[in-house]
There are 2 protein chains.
Amino acid sequence: MNWQEVLSENGYRVSEPRRLVMQLLENSSQPLTPLQIYSALLQSGNTLGMVSVYRALELLTELCLVCLVYNSDGSPGYVLGMGGHHHHILCQSCHKAASFAGSEDLSALIEKVEADTNYRVKDHLLQLYGICPACQEKQSVRQEGN
Amino acid sequence: MNWQEVLSENGYRVSEPRRLVMQLLENSSQPLTPLQIYSALLQSGNTLGMVSVYRALELLTELCLVCLVYNSDGSPGYVLGMGGHHHHILCQSCHKAASFAGSEDLSALIEKVEADTNYRVKDHLLQLYGICPACQEKQSVRQEGN
DNA sequence: AAATTAATTGAAAAACATTATCAATAAGGG
DNA sequence: CCCTTATTGATAATGTTTTTCAATTAATTT
Ligand SMILES: [Zn+2]
Ligand SMILES: [Zn+2]
Ligand SMILES: [Zn+2]
Ligand SMILES: [Zn+2]
């Protein structure tokens with residue numbers, strides 16, 4: 001099921017702003033803010049209102065077609081969502097994002113936390129931070145240069 | 001080492017706004033936004049500038065005396081930081097936060113992600129969401145009432 | 001305890017970001 | 001192709017964060 005179908009099946013229209021936002025995120029390797037999305041789309045000759053970007057992101061997030069992630073400095077951005085349980089890893093240097101399957105086993109941790117805090121655990125937020133292949137390359141080149 | 005010492009040892013002064021922000025967070029069970037902190041402090045008869053709240057939070061976060069966390073709706077807030085590796089669990093109903101030791105073992109996951117994505121993992125963001133004891137209580141009472 | 005000094009504050013303004021309103025537009029069904 | 005209604009976008013209002021800089025204050029020195 002592609003994103004157009006997800007929209008339709010949930011009673012939403014496949015409108016121009018939504019299409020533009022999805023297209024841009026599909027081609028962006030790093031999380032973008034609403035303003036970055038708006039600017040990029042204008043720059044590439046499209047015409048749409050800032051407001052539509054906000055509304056598109058809100059809806060697409062709700063439908064899990066895009067995800068809200070946080071850079072290592074805490075600043076938020078939107079990336080394309082993958083279906084199913086997954087998480088993201090972000091490059092601390094260039095902010096490039098990749099996703100990985102949510103195959104982690106948190107059951108031991110959850111059990112312990114429930115016992116310690118008496119909270120009942122329902123969900124989790126997990127992101128990894130690191131260095132992407134390209135930035136590793138750059139770093140080792142700089143190393144050699146010194 | 002208390003927070004006053006952390007400030008001093010790092011060459012920062014123990015100023016009034018910093019004291020007020022720390023005091024408030026020490027007594028707050030849920031994440032607060034800069035504005036909420038500012039308002040609460042004014043309300044309780046103190047006098048300080050909004051700007052100082054922002055600056056205090058920035059510094060205290062840098063020194064790990066407070067932590068930036070995200071509610072389940074994605075909205076950010078600040079809570080008191082604990083020393084050492086730890087994470088937070090937030091109530092999806094009342095937003096009350098608790099912390100727990102970072103005793104999770106992510107090594108298997110990290111190995112897999114590094115193999116799959118070629119990123120080199122350096123750090124992680126982990127939060128749990130759930131229902132706090134008080135809200136569990138409220139929910140079961142409502143259940144019985146029906 | 002007073003003087004010294006540099007970090008820190010806060011008022012005001014500027015810059016930036018988000019939300020509300022509502023008439024005009026366009027997507028999708030018939 | 002037309003109709004209906006979801007959706008858009010211009011504008012304005014609202015809210016948040018950053019900048020600036022003279023005044024203040026914490027901590028150190030005398
Ligand atoms: Zn990178
Ligand atoms: Zn997961
Ligand atoms: Zn609760
Ligand atoms: Zn951890």
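Chain naming here is simple, since letters A, B, ... match the order of the sequence lines and numbering starts at 1 in each.
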Looking at residues at least two apart in the chain, or sitting in another chain, which of them share a salt bridge (Lys or Arg N to Asp or Glu O under 4.0 Å) with A/Asp116? A/Lys112

Terminal axes of the helix from C/dA1-D/dT30 to C/dG30-D/dC1 (5 end pairs apiece), angle rounded to 10 degrees, sit apart by 50°

Approximate separation, where rounding is to 0.5 Å, of B/Leu7 CG and B/Leu59 CG: 6.0 Å

List in chain and number order the residues that pass side-chain contact (heavy atoms from CB on, under 4.5 Å) with B/His88, two or more places apart in sequence or in another chain; answer none if no residue qualifies. B/Cys67, B/Val69, B/Val79, B/His86, B/Leu90, B/Ser99

Contact residues, residues 37-48 of chain A to DNA chain D [heavy atom, < 4.0 Å]: A/Thr47, A/Leu48

Here the residues of residues 51-69 of chain A within 4.0 Å heavy-atom distance, strictly under, of DNA chain D are A/Val51, A/Ser52, A/Arg55

Apart from B/Met82 itself, members of its ILVMFWY cluster (side-chain separation under 4.5 Å) are none

Report the hydrophobic cluster partners of B/Ile89, with the cluster defined as I, L, V, M, F, W, Y residues connected by side-chain heavy atoms closer than 4.5 angstrom, directly or transitively. A/Ile89, A/Phe100, A/Leu106, A/Leu109, A/Ile110, A/Val113, A/Tyr119, A/Val121, A/Leu126, A/Leu128, B/Phe100, B/Leu106, B/Leu109, B/Ile110, B/Val113, B/Tyr119, B/Val121, B/Leu126, B/Leu128

So which pairs with a foot in residues 55-78 of chain B pass salt bridge (Lys or Arg N to Asp or Glu O under 4.0 Å), sequence neighbours left out? none

In sequence, state the C-alpha distance, the side-chain angles, and the governing distance for A/Tyr70 and B/Leu68, and then conclude on side chain to side chain contact (heavy atoms under 4.5 Å, CB included). CA-CA 11 Å; A/Tyr70 306 97; B/Leu68 177 60; over 6 Å; no

Salt bridge (Lys or Arg N to Asp or Glu O under 4.0 Å) involving A/Arg19 - partner list, sequence neighbours excluded: A/Glu16

Restricting to pairs with a member in residues 4-15 of chain B, which pass side chain to side chain donor-acceptor pair (under 3.5 Å), not counting sequence neighbours? none

Can you name the residues that form a salt bridge (Lys or Arg N to Asp or Glu O under 4.0 Å) with B/Glu104, not counting sequence neighbours? none

Could you run through nucleotides 25-30 of chain D and give me one letter per nucleotide, 5' to 3': B if any protein heavy atom sits under 4.0 Å from the base, S if only the sugar-phosphate is that close, - if neither? BBS---

So how far is it from A/Glu114 CD to A/Arg120 CZ, rounded to the nearest 0.5 Å? 5.5 Å

